[in-house]
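Encoded as structure tokens, the structure appears first; notes follow it.
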Amino acid sequence: MSTRLDELVQELGQADRQERIELLIDLARELPPLPDRLAGSRDESHRVPECQSPVFLFVEPAESGRIRLYADAPAEAPTVRGFVALLVAGLDGATPAEVANLPDDILDRSGVREILGMQRISGLYGILRRLRALAAQLPQPESPAKMPADTPSADPPSAASSDPSTAAASTPDPEALIAALRTVTDPELHVNVIDLGLVYGIQTQGHEVHVEMTLTSPACPAGPQMIRDAVAALEKVEGVTKAHVKLVMNPPWSPDRMTDAARDELGIF
Amino acid sequence: MSEYAHPEVLVSTAWVADHLNDPKVRIVESDEDPALYFQGHIPGAVEIGWHAHLQDQVVRDYINVPAFEALCRKAGIANDTTVVFYGDRSNWWACYAFWAFKLFGHKDCRIMNGGYKLWKDQGRPLVRDIPQYPPTDYKAQPIDESTIRAFRDDVLAHVQARRPLIDVRSPKEFTGELLHMEDYPQEGSLRAGHIPGAKNIPWSLAVNEDGTFKSADQLRALYEQQAGLKPDDPIIAYCRIGERSSLAWFVLTYLLGYPNVRNYDGSWTEWGNLVRVPIERGA
């Protein structure tokens, strides 16, 4: 997590209710206005849907693999605006990975949950989720994916898949992998796992394919079946000798992953 | 054009501006956003927050009588004080506080029509000084809460008797299309939809753009023609946690004068989690 954000969260967390509210008001007052070129883009596609107050977030790539974070929130909702300003102050100039891995516990550690109350905190989780999703769309500078390392695999990679001369000719087509996953549906929602936004990543290593996917809720009873279906569908794709599907719960799935925009994030990495 | 049934419970921003130094009047700000009061409030207003002050922090309920008395004593509210509530979001929480004060038997409660937004939009003063008032010897005189508050068993009996319910949530929450926060079930409900027989009249239809309440004729058209209510019906209003439905309760009870309206403050966060209660989906 960014050091600056960590410091701000700690300062808020150590304050009493009154001081914490004053700090949030100060942060809210100091939130920089949106640049003119973004001011006109305060539309539904940039709004955090879970938040009852209109909150707009913009994450852009900047030099040396850092991000610029811009945000707007109404002055009439100073706690929300202050929290958004805290994120901007703490994360503008951070790396995409720092933002993509932003932990939910900052709401507890900063004491913001305590002043807002259980029932009104959901919009702020929505802000954190949207921010992580936006950052995850950006090119990750330290990109090598770590997932195959801890993916259990019964078979060691075959000789063919590590031989670039033969692998190049018949490695699976990424489009074909996505098409195969489109045949796997969530039995409760009757929508395929791609359009639901459950697939977080697809990586091929020669003839082996590694997929990271999540479920709509950690307790989804259809999980094991969907994973078996996904493995079976992937292994039917030309050029695939072995498919590994790893279940991940972080970041948690949310309905906004189902939109067209969210589908673009899925990409092959 | 007809008048509101109890026009005296609604005061204008101008009335409040004229009574800022009236020792018989206490202005109370009740907001969704707990920082709003501290960012700037009506001169002399005290903060009474739904979460920080009116709710018990352990049990899901209101504070008890001694805690309510301590709250009023500290805020300089006496038993005969005229308490005027206002706040953000078109007075949701002001209505909620008004309702809670009625549970504890406070007689003279009023709502500032238009709330925080209208006061601010009219360019009236907002200050940051937190006032101190001499403590009072407030004594709560709780009413029979069953007259204005419904619990889950009351709601179940109401459904079985096919009596009218008003669901003031958004249309998508009502149909079950939108379940709040699927991945944070502790803040939402395990089931989506509405209580069988409920009519969906989103709270926002009861207020104007500037935050003031719609006219008596408009409100009557909304609740009597659109929702089919009759003034003498026993009615229960609910939403997700009981704040938006406090506004509907206020409108029906004081602006239209219905004698038998209760607020189900458990609302969808209770009903949508109860085992084996009936639920309907769709419009």
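Below, read A as the first sequence line, B as the second, and so on, with proteins coming before strands; counting in each chain starts at 1.
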At a 4.5 Å cut-off on heavy atoms, which part of [X] comes close to chain A: side chain, backbone, both, or neither?
X: Tyr116(B); result: side chain
X: Leu126(B); result: neither
X: Lys120(B); result: side chain
X: Glu32(B); result: both

Practice task
Please assess Arg20(A) against Glu114(A) for the test salt bridge (Lys or Arg N to Asp or Glu O under 4.0 Å), listing each intermediate value before the final yes or no.
Solution key: CA-CA 10 Å; Arg20(A) 194 173 292 152; Glu114(A) 193 185 312; 3.7 Å; yes
Problem - Engaged part of Arg17(A) at the chain B interface, taking heavy atoms whose separation is under 4.5 Å - result: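 Just its side chain gets close to chain B.
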Practice task
Could you tell me whether a side-chain N or O of Asn208(B) sits under 3.5 Å from a main-chain N or O of Phe213(B), the two making a donor and an acceptor?
Solution key: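 It does hold such a pair.
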Handout entry: Modelled atom types, side-chain donor and acceptor of Tyr86(B) and Glu29(B), under 3.5 Å
Key =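 Their side chains do contain a donor-acceptor pair, which is all the 3.5 Å distance test asks for.
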Practice task
Test ring pair (Phe, Tyr, Trp, His ring centres under 6.0 Å) on Tyr96(B) and Trp93(B) and set out the steps.
Solution key: CA-CA 5 Å; Tyr96(B) 186 86; Trp93(B) 301 101; 5.2 Å; yes
Handout entry: Presence of salt bridge, Arg89(B) and Asp33(B), under 4.0 angstrom
Key =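 No, this pair does not count.
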